[in-house]
Amino acid sequence: MYAAVDLGSNSFRLHIGKHDGDAIRVLKSVREPIRLAAGLDARGNLTEAAMQSALACLRNFQAVLAGYRLDAVRVVATSTLRVARNGPAFLPAAEQAIGHPIEIISGEEEGRLIYMGVASALADASERRLVIDIGGGSTEIILGRGAEIERVESFSVGTVKQSLSFFVGGRVDAVSFEAAILSARSHFEDAAPPYHPQFWKQAYGSSGTIRAIADIIAKNNLGDGKLSPAGLDALKLRFIGFGQVALIDMPGLRPDRAGTIIGGLAILIALMRELDIEVMQPVEAGLRMGVMWDLYLRSMQRDRREESVVALARKFHVDDERASRVAQLASDMYLQLKPAGDGCAKLLRWSALLHEMGMVVSQTGYHKHAAYMIENADLPGFTTREQRVMSKMILAQKGNLRKVAEALSDTDFAKAVLALRVAILLMHARIDADAGELRLRMKNRIDLEIRREWVGSHPTVSYWIEKEQEWWDEVGIDFSVRSVA
């Protein structure tokens with residue numbers, strides 16, 4: 001069984017599902033309308049009230065999760081925690097409240113997980129499709145064929161901001177609606193051409209907002225009863241007729257959702273116009289289902305992150321033999337160092353495989369170029385935090401360690417950096433070694449035992465070891481080396 005927790009800008013949601021044949025069956029679903037995006041103040045910080053509301057919800061979710069025997073849990077945070085200035089400071093309390101790490105994912109990764117969830121719910125494995133998800137803080141557009149994603153983009157326009165910005169004080173009129181629609185169109189117009197109808201057969205709407213709009217249109221017999229320009233325009237006119245959000249009362253619409261649905265409607269109308277969509281099909285699948293499928297695939301050793309690393313290495317012409325040698329030796333030495341957890345093991349291996357990718361830019365500062373590219377690249381499967389850790393590992397592969405001194409306070413990260421640096425040192429010295437031929441320990445100090453013949457046969461080894469001792473000493477860690485027969 002798997003659990004997916006989605007910390008969205010509008011609502012926090014939890015799914016618990018069980019893999020059953022070719023499907024994941026949802027056993028438990030919980031939703032709390034936190035409205036996190038509305039809790040951002042003028043400076044872009046989450047207010048104290050918003051954070052306390054979020055923590056209370058996360059504690060409730062922890063209690064729900066504790067009632068199941070779960071194989072894996074993944075908690076993902078989207079737009080609002082991506083942009084909140086005090087998000088990093090809030091994260092530790094949030095992780096303690098729910099009892100699991102929280103991954104702040106990029107908009108593109110959010111889109112990929114959404115598409116994965118939608119594709120799992122559709123029967124046609126070869127259909128060319130467009131998937132749209134309108135969230136509280138962002139909108140994702142994904143183009144794909146069957147299970148394969150061809151294009152994904154995330155736009156910083158969502159239901160909460162659109163509602164608050166254009167329907168001030170809850171007033172709903174034609175002028176406000178048209179302004180909200182034009183504003184939304186401005187986000188999509190430059191990106192629209194690749195998503196026009198000639199590139200797909202069917203358009204799907206995966207978000208709760210789109211499903212709610214479809215439900216309201218159907219239950220109130222508006223327009224042609226579909227998610228179409230006619231249906232959306234009819235709903236817009238009905239909302240305008242009420243004049244105030246507080247007065248909106250329609251079958252299919254909960255009163256507490258009216259305030260954000262109007263913003264979502266403006267965005268959806270903008271998308272239908274900009275992308276020339278004639279009709280859209282709502283689908284009961286999306287981010288949380290995608291997260292659970294991703295957990296299942298990881299358990300089957302089909303990790304999309306591995307695919308991303310291989311593709312990136314190929315793109316930047318990384319020497320496979322050198323990279324693989326460093327990755328294997330670094331991974332083996334890292335295990336020898338006995339890390340406290342397993343959080344850095346895969347990140348170390350992937351960092352080692354990509355450590356020379358910056359050479360496509362420069363032979364001298366390649367570690368800096370590689371670090372920048374890793375932190376800022378669109379890497380399917382990776383979270384922002386994982387990319388940041390890998391970027392620091394790669395930056396720390398050579399030269400002084402002052403540039404990552406703060407990160408070295410994490411003992412497992414320091415051990416990963418040490419293993420990577422020693423592996424690279426041996427590779428550059430052309431020493432074909434395995435971890436069993438040396439001893440590496442790191443507690444209050446670093447102890448390295450290497451074979452005496454390596455020092456005699458490879459003159460640069462002594463020089464680089466002396467430099468390592470200096471660089472570790474600069475960050476307050478003693479480095480002792482002993483040659484053995």
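Being a predicted model, the structure only gives us computed values, none of them experimental. Just so you know, residue 1 is the first one in the sequence shown, and it goes up from there. FYI, side chains are in, hydrogens and waters are out, and symmetry mates aren't considered; it's all heavy atoms of this structure.
- Residues satisfying the side chain to side chain contact (heavy atoms under 4.5 Å, CB included) test with S351, not counting sequence neighbours, are M390, M393, I394.
- Using a 4.0 Å cut-off between a side-chain N of Lys or Arg and a carboxylate O of Asp or Glu, E110 and R112 do not qualify as a salt bridge.
- Residue pairs meeting the side chain to side chain donor-acceptor pair (under 3.5 Å) criterion with at least one partner in residues 86-100, sequence neighbours excluded, are E95-R385.
- Legend: residues meeting side chain to side chain contact (heavy atoms under 4.5 Å, CB included) with E150, ordered by chain and number and at least two apart, are R128, L143, R145.
- Legend: side chain to side chain donor-acceptor pair (under 3.5 Å) pairs involving residues 327-349, not counting sequence neighbours, sorted by first then second residue: E306-R349, Q328-D332.
- For F167, the ring pair (Phe, Tyr, Trp, His ring centres under 6.0 Å) partners two or more places apart in sequence, or in a different chain, are F177.
- Not counting sequence neighbours, the partners of E474 by the side chain to side chain contact (heavy atoms under 4.5 Å, CB included) test are N400, R402, W471.
- Residue pairs meeting the salt bridge (charged side-chain N to carboxylate O under 4.0 Å, His left out) criterion with at least one member in residues 261-270, sequence neighbours excluded, do not occur.
- Identified under the salt bridge (charged side-chain N to carboxylate O under 4.0 Å, His left out) test for residues 45-56, with sequence neighbours left out: none.
- Side chains of D41 and T47: no donor on one and acceptor on the other come within 3.5 Å.
- Here A377 pairs with L379 under the side chain to side chain contact (heavy atoms under 4.5 Å, CB included) rule; sequence neighbours left out.
- Side-chain contact annotation: S299 with Y2, donor-acceptor N/O pair under 3.5 Å present.
- With sequence neighbours left out, the ring pair (Phe, Tyr, Trp, His ring centres under 6.0 Å) criterion links F239 to no other residue.
- Paired with L312 under the rule side-chain contact (heavy atoms from CB on, under 4.5 Å), one option of I374, D378, V318, L353 passes, and it is I374.
- Here ring-ring contact (aromatic ring centres under 6.0 Å, His included) pairs that include residues 131-159, with residues two or more places apart or in two chains, are F155-F188.
- The ring pair (Phe, Tyr, Trp, His ring centres under 6.0 Å) search around H19 returns W293, Y296, not counting sequence neighbours.
- No side-chain donor-acceptor contact under 3.5 Å links E274 and Y195.
- Under 3.5 Å, the side chains of S154 and E108 contain no donor-acceptor pair of N or O atoms.
- Ion pairing of E386 with R305 is present here, as a side-chain N (NZ or NE/NH1/NH2) and a carboxylate O approach within less than 4.0 Å.
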